[in-house]
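Whatever order the structure lists ligands and atoms in, that order sets their numbers, starting from 1.
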Amino acid sequence: KFQVVNYNMIKPLRWGAAQSRFLCSSSPEESKSRPSMLRHLTTKLKATGPITVAEYMREVLTNPVTGYYVRNNMLGPDGDFITSPEISQIFGELLGVWIISEWMGAGRPKQLQLVELGPGKGSLAGDVLRVLSQLRSVLGEASVSLHLVEVSPALSLLQAQNLTRSCSQEADSEDEPVYRRGETAAGLPVSWYRRLDDVPAGFSIFVAHEFFDALPIHKFQRTQKGWREVMVDIDPDKPDKLRFVVAPSPTLASSTLVQADERRDHVEVCAEGGVIVQQLSKRITEEGGAALIADYGHDGTKTDTFRGFKGHQLHDVLSSPGSADLTADVDFSYLRRMAGGGVACLGPVSQRTFLKNMGIDTRMQVLLRSCVDPTTRKQLISSYDMLTNPIKMGERFHFFSLLHHSRLAKPKKTEGLKLDKKKSPAPLPVAGFTDEKIWQ
Ligand code: SAH
């Protein structure tokens, strides 16, 4: 027997997150013409019985026909989805500086693949590329290419419009790992992939902003009989309503994904995020490079964070599925565990700390000095406040990084070599994660 559970989805203290993502619901016209996600789910549930929360989340967000991210009306002209890169260009510029700094720290390899996971509108990549072109002299002869991992064909088109001025082409066949190719105005090649696995090997800097929070999570509840997985089922009293139930016996996920020494009573595990971090870690170990993951999250302390957003408001995750964004806080302690020992992990540090260490204050002063228009000045100041204020996005969002071990290696001691007293240079500090401001 499945046991029914009620999670209190609407909780206080979620204001920061609600402020960071502004979502608009689609118009009634559009809703009517779209096949119903609810109908699709109830048909599936009737056939298979309850599904895991991970399966529910995957269907709702990325179903190829009705998924939330796949619908092309998600990023409308009114901006129904605002994240840090959309709030201010400074965000992407500072990440661009971080990327160059890590490329230098790795010994300036000849090839630099910039890989972004879940690029949204492409604004972050655009701001990063602008910094790279401004600092072209620093990059020297290095050849730079951009690789975007995006499930949504509609968003890939939007990214192409923003990054390549519509100079992009779709692949002829659906089986091609690169489903779209293009070139930026400056002539940098851009390629689109559905999965990280399809991105070619090579020295890469990976960036993932608000990507991991969109990946499916499993939910587990501690019970008297041990850990049990939370599932999604049809409410028998209201056939067009969904509800949460607790599985009567262990599932594969509940017996493998919960830590033996877990102390919380309820945990969320993003196994898909874990697999992606393992892939990143393997690539960095083998080919060099670094990954920068920025998201809202915690270090293995929170419990029930699964929530929906629609029209600026928190939204019940089970009602009108497909019409609202579904998200869960990223568990950085889990990502660190999944990264394994092959790479060094830094962070999480708060967005405020990271951006301040990256020199956001100096960059703001430069922008304000050259800006006389009072409205633009006001906008600059309020977006700075949104990004860094502890009660807005400053403390809610965190930065976490995976680095090749050589990046942090202490210089070798040269004792015994009497003739060579010179020490090898200390590695460059990792920008953003230490107070040493190398770019000011
Ligand atoms: N990074 C952007 C967008 C965040 S929204 C920003 O900060 O503004 C999440 C992005 O990840 C969207 O582009 C969405 O289409 C994409 N996405 C979600 N799930 C994905 C998956 N499983 N694989 C690849 N991309 C995914």
Can a cation-pi geometry be assigned to Arg108 and Phe203, taking NZ or CZ under 6.0 Å from the six-membered ring centre and within 45° of the ring axis? no

Below the 3.5 angstrom mark, is there an N/O of [X], backbone or side chain, next to an N/O of ligand 1?
{"X": "Leu155", "value": "no"}
{"X": "Thr83", "value": "yes"}
{"X": "Phe211", "value": "no"}

Identify, with sequence neighbours excluded, every residue that meets side chain to side chain donor-acceptor pair (under 3.5 Å) alongside Asp331.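 With neighbours one apart ignored, the set is Ser333.
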
Distance flag, aromatic centroids of His398 and Phe354, threshold under 6.0 Å: no

Which of these passes side-chain contact (heavy atoms from CB on, under 4.5 Å) with Phe220: Glu268, Glu229, Arg264? Glu229

Can you confirm whether Lys121 sits close enough to Gln159 that some side-chain heavy atom of one is under 4.5 Å from a side-chain heavy atom of the other?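 Of all side-chain heavy-atom pairs linking Gln159 with Lys121, none is under 4.5 Å.
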
If the cut-off is 4.0 Å to any non-hydrogen atom of Leu215, which atoms of ligand 1 fall inside it? 22 (N)

Within ligand 1, which atoms have a heavy atom of His209 less than 4.0 Å away?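 Matching atoms, with element in brackets: 1 (N), 2 (C), 4 (C), 6 (C), 7 (O).
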
Going by the closest heavy atom to [atom], which one wins out of [options]?
{"atom": "atom 21 (C) of ligand 1", "options": "Ile276, Val151, Asp213, Leu117", "result": "Val151"}
{"atom": "atom 9 (C) of ligand 1", "options": "Glu210, Arg195, Glu150", "result": "Glu210"}
{"atom": "atom 1 (N) of ligand 1", "options": "Gly120, Pro85, Gly118", "result": "Gly118"}

With Ser383 via side-chain contact (heavy atoms from CB on, under 4.5 Å) - residues at least two apart: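 For Ser383 the side-chain contact (heavy atoms from CB on, under 4.5 Å) partners, ignoring immediate neighbours, are Ile87, Ser88.
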
